[in-house]
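If you're wondering where the values come from, they're calculated on a predicted model, not measured in any experiment. Residue numbers begin at 1 in each chain, while the letters A, B, ... track the order of the sequences.
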Amino acid sequence: MAALGVNGPEDDSPNWDNVAWRRHEENVRRLRGRIFKATKDGDWPQVRNLQKLMLRSWSNTLVSVRQVAQHNAGRATAGIDGQVALTSPARMDLAEQTHRTAQSFMPLAVKRVYIPKANGKQRPLGIPVISDRVHQARHRNALEPEWEARFEPKSYGFRPGRSCQDAIQVIHVTACGATAQRLWVLDADLTAAFDKIDHDRLLATIGNFPGRTKIRGWLKAGVFEKGKGFTPTDAGTPQGGVISPLLLNIALHGLEEAAGVRKERSDPQRTKRGSPSLIRYADDMVALCYSKQQAEDVKTRLAAWLAPRGLTFNEDKTRIVHLDDGFDFLGFTARRRNGKLLMKPSKAAVKRVRHRLSAEFRALRGTNPATVLAKINPIVRGWANYYRGAASSIVFAALDVHLWRLTYKWACHSHPHKPRPWIVNRYFGRYNPDRQDRWVFGDRNSGAYLPKFAWTKIVRHRLVRGNASPDDPAQAGYWAERRSKNQPLLDRRTLHLLRRQHGTCPICGELLLHADREPQSPREWEQWHRTARKAITRQIIAVYGNGLSDDARLVHSFCLRRTTGGQQEPAPLNS
DNA sequence: CGCAGATTGAC
RNA sequence: AUUGUCAAUCUGCG
Ligand SMILES: Nc1ncnc2c1ncn2[C@H]1C[C@H](O)[C@@H](COP(=O)(O)OP(=O)(O)OP(=O)(O)O)O1
Ligand SMILES: [Mg+2]
């Protein structure tokens, strides 16, 4: 208690299940913020001191163990030592052990496993032992905020608070207008990026970070492969290491300047006219240039800059093209059509999801509709969600046609002797009350149905501010506002209606939600509109009248049915 | 508001 | 067993 859990395990209850996670996360978050700020201020002695503090922090250890041994998908996969920590006592042991050995531990070799890549080749993973993953996570919390304060604003891969959609949107806004000047594109990727990073160069870049000898230890730890034994490593960082993504970003820091990108002196956020613009996502990058010649110059400059860092372009994935011919980036295709730049799902991505869906339906033959929905709905929702910020309507419609075929074939296969109208009647209908669509595949037992890609609302993605970092204490307000604006799209209007009606149903006069009274405090309102959202999705309450106009009312859906005799459909309340 | 599980996508 | 980082989303429970 006294030292806010920063100094040692003795401060805390030894029970993993009683750990005050909120407090420890807050400790780590605050310390990250201080490292970020000290870096921005250029106060290097302070940066190093705070990093040492982070490397001694018990909160950091706890948070890191939870991430690695509890939250991550690979928690049950051991490294070469065969160790995992899947129970609460084992996790507490792991925390105490990693904390005790924070200075003395020796990194172990990673386990080599090969997984298939999208292009059919193999990806060599390097899986560290669980305790090394914890140590790496601890070091990342010390190292990352320093570099977050320095990274280029247009680098998006592996960085907290930044997404593929941000990178795509930046390309869109810099090349969308009819008057856009940068029409030649260098689209480049590096060969085996993680595996080839030069150790000495990287360690020099990291400088006198207090955990540098440990970082060095992980880089040099070597590989153990079943049947082949131990191999030392002389380059690269393991694909599977917790800090590896951060290390790649550090190794590639400065790439933008090397490409010849120049910023306005008055506003360092803006790139100079005449200068190319470079957007990077991990080892994948796009340079928007004024001419083909400029794109070629950028490429030669970059190749020279990359070489001493151990990195080379992957010529198979590197090209120089005109925007009118289009290029693929992060699963999107960018292409200019009569003066406008369109970002749509790439051909390869569409093909992949098509094959995925076909394969799933093949595997689902002979099951019931509920099983189909349980398997397919998350795929549709997840995929549509990723592309909802782009010009995806046409692709979505095409995928719905594909899905219709698959469901129809699936239904026919289930009932080979029934007539077609029977099959259609049995499995297809107007299952979604908000849509006038009779061709929705659904389960007549539960009323559950298969959503269509095309129902996904196309929403413009909100771009992150160029230099924004969640580690920056000065920008805490920006991130809070961003979260609140992004989250409750549906709740804004609903909350307004709820408050106006004092939480009651105008038809029966009862409270709309299962609560004994109208909420009084702001905190109670907060909880209210959370339950309201659930109630709406479950159609316990509905909107009476035009859902968009001001005279709309929230009512119990059974009240609505009773008064209108089922005449009026529940108005679409979105979803 | 707190805890937990799951899926999708990029690399 | 297939690891890691990041983002988005959904669903449960108290
Ligand atoms: N599934 C993954 N697990 C861990 N790290 C990954 C994974 N996918 C990609 N990465 C990391 C490691 C890669 O070196 C880096 C760049 O990805 P990518 O360009 O697809 O492969 P690559 O650069 O290693 O080989 P290639 O020569 O085919 O480009 O991102
Ligand atoms: Mg690559």
- Task: Grab the CZ-C1' distance between A/R133 and C/U5 for me, whole Å please.
- Result: 14 Å
- Message: With a 3.5 Å distance limit and no angle check, can you tell me whether A/N72 reaches the backbone of A/G74 through a side-chain donor-acceptor pair?
- Response: no
- Would you kindly compare A/D284 and A/E360 by the position of their nearest DNA chain B nucleotide and give the one closer to the 5′ end? A/E360
- Would you tell me if any nitrogen or oxygen in the side chain of A/N385 comes within less than 4.0 Å of OP1 or OP2 on C/A7? no
- Item | Nearest listed nucleotide, side chain of A/R381, among B/dC11, B/dG9, C/C10 | C/C10
- Task: Could you provide the dot-bracket string of RNA chain C, using ( ) for intrastrand pairs, [ ] for crossing pairs and | for bases paired to another strand, with Watson-Crick or G-U pairs below 3.5 Å?
- Result: ...|||||||||||
- Message: For a quick check of understanding: with a heavy-atom distance under 4.0 Å over all strands, which category does A/L330 fall into, base, sugar-phosphate or nothing?
- Response: sugar-phosphate
- Think A/R162 has a side-chain N or O under 4.0 angstrom from the OP1 or OP2 of C/A8? no
- Item | Residues that A/K214 engages under side-chain contact (heavy atoms from CB on, under 4.5 Å), provided they are two or more places apart | A/F105, A/H139, A/W218
- Task: For the side chain of A/N72, starting at C-beta, report the closest nucleotide among C/U5, C/U2, B/dC11.
- Result: C/U5
- Item | Partner set under salt bridge (charged side-chain N to carboxylate O under 4.0 Å, His left out) for A/E144, not counting sequence neighbours | A/R32, A/R140
- Message: On the nucleotide C/U3, are OP1 or OP2 found under 4.0 Å from the side-chain N or O atoms that A/T77 carries?
- Response: yes
Name every donor-acceptor pair, under 3.5 Å, that has one atom in a side chain of residues 240-247 of chain A and the other anywhere in the protein, sequence neighbours excluded.
{"residue": "A/S244", "atom": "OG", "partner": "A/T237", "partner atom": "OG1", "Å": "2.9"}
{"residue": "A/S244", "atom": "OG", "partner": "A/P238", "partner atom": "O", "Å": "2.6"}

- Taking the six-membered ring of A/W383 (Phe, Tyr or Trp), confirm whether the NZ or CZ of A/R381 is under 6.0 Å from its centre and within 45° of its axis. no
- Measure the distance from CG on A/N377 to P on C/G12 and round it to the nearest whole Å. 13 Å
- Item | d(CG, A/L357; P, B/dT8) in whole Å | 11 Å
- Hey, can you tell me if A/Y281 and A/F158 have their rings parallel, tilted or perpendicular (30° and 60° cut-offs)? tilted
- Query: Among the nucleotides C/U2, C/U5, C/U3, which one has an atom lying closest to any side-chain atom of A/A73?
  - Reply: C/U3
- Message: Between C1' on B/dC3 and CD on A/E25, what's the gap in Å once rounded to a whole number?
- Response: 12 Å
- Quick one: A/Q165 CD to B/dT8 C1', roughly how many Å, whole number? 11 Å
- Message: Whether A/K111 contacts C/A1 is assessed here as follows: a side-chain N or O lying under 4.0 Å from the phosphate OP1 or OP2. Is that the case?
- Response: no
- Task: Kindly point out which of B/dA10, C/U3, C/A7 is positioned nearest to the side chain of A/L125?
- Result: C/U3
- Item | A/R159 side-chain N/O to B/dA10 phosphate OP1/OP2 under 4.0 Å | no
- Nearest heavy-atom neighbours spanning A/R91 and A/L86: NH2-O, 3.4 Å
- Protein-nucleotide distance (A/R140, atom CZ; C/U5, atom P), rounded to Å: 6 Å
- Query: Between the base of B/dA10 and the side chain of A/Y281, is there any donor-acceptor pair under 3.5 Å?
  - Reply: yes
- Note on the structure: Residues at least two apart in sequence or cross-chain that pass side-chain contact (heavy atoms from CB on, under 4.5 Å) with A/V129, listed by chain then number, are A/I80, A/D81, A/L108, A/S131, A/D132
- Task: Just compare B/dC11, B/dA10, C/U3 and give me whichever is closest to any side-chain atom of A/Y387.
- Result: B/dA10
- For C/A8, take OP1 and OP2 only and decide whether either is under 4.0 Å from a side-chain N or O of A/R388. no
- Nearest nucleotide by nearest heavy atom, which residue falls closer to the 5' end of RNA chain C, A/G241 or A/C164? A/G241
- Item | Geometric class of the A/F453/A/F396 ring pair [parallel <30°, tilted 30-60°, perpendicular >60°] | tilted
- Query: Can any side-chain N or O of A/R216 pair as donor or acceptor with the backbone N or O of A/H199 at less than 3.5 Å?
  - Reply: no
- Between atom CG in A/N18 and atom P in B/dG2, what is the gap in whole Å? 18 Å
- Message: In this structure, how many angstroms lie between the C1' atom of B/dC3 and the CG atom of A/N15, rounded?
- Response: 15 Å
- Item | Nearest-neighbour nucleotide for the A/P116 side chain, C/U2, C/U5, B/dC11 considered | C/U2
- Message: Counting only side-chain heavy atoms from C-beta out, which of C/G4, B/dA10, C/U2 sits nearest to A/R352?
- Response: B/dA10
So which protein N/O to nucleotides 4-6 of chain B N/O distances come out below 3.5 Å?
none

- Query: Any side-chain N or O of A/R356 under 4.0 Å from OP1/OP2 of B/dT8?
  - Reply: yes
- Task: May I ask you to check whether A/Y386 and A/F332 place their ring centers less than 6.0 Å from one another?
- Result: yes
